[in-house]
Amino acid sequence: MFPMYLIPLLLALAAMRVFQKASEDITSILAIATAVICLIGGFVLSPWILKLVITLLVLALERIYLDKSAKSGSESQGVKN
């Protein structure tokens, strides 16, 4: 049987793809709203191990993003390490 929690997650990925390709404002807004709702629904329906993996992935990506933005901010201000 196909895991039911994958359907909202796949719909969220499809909505994010539509958001990237959309040129009109209303299409972009609706695509992002659909993606957020589907991500929340998929996260709620998923098993706890997948929730843990998704949470750790988000935290790791946040840390990488913050490190990159801190480095680019210090370079643009002329601060040397």
Table please: side-chain donor-acceptor pairs of residues 29-41 below 3.5 Å, with sequence neighbours left out.
unit_1 : atom_1 : unit_2 : atom_2 : d
Thr34  : OG1    : Leu30  : O      : 2.8

Quick one: pull up CD1 in Ile49 and CD1 in Ile54 and give me the separation to the nearest 0.5 Å.
-> 11.0 Å
So CG of Leu45 and CG of Leu50: to nearest 0.5 Å the spacing works out to 11.0 Å
Crowding at CG, Asp25 (>12 non-hydrogen neighbours, <6.0 Å) | no
Any link between Phe2 and Val44 through a network of hydrophobic side chains (Ile, Leu, Val, Met, Phe, Trp, Tyr) touching at under 4.5 Å?
-> no
At what distance, to the nearest 0.5 angstrom, does CG of Leu59 lie from CD1 of Ile64?
-> 11.0 Å
Could you pull out all residues at least two apart from Leu56 that satisfy side-chain contact (heavy atoms from CB on, under 4.5 Å)?
-> Leu52
Gap between atom CE of Met4 and atom CG of Leu9 - 0.5 Å precision = 12.0 Å
Just distance, no hydrogens or angles: give the donor-acceptor pairs under 3.5 Å from side chains in residues 15-23, sequence neighbours left out.
none

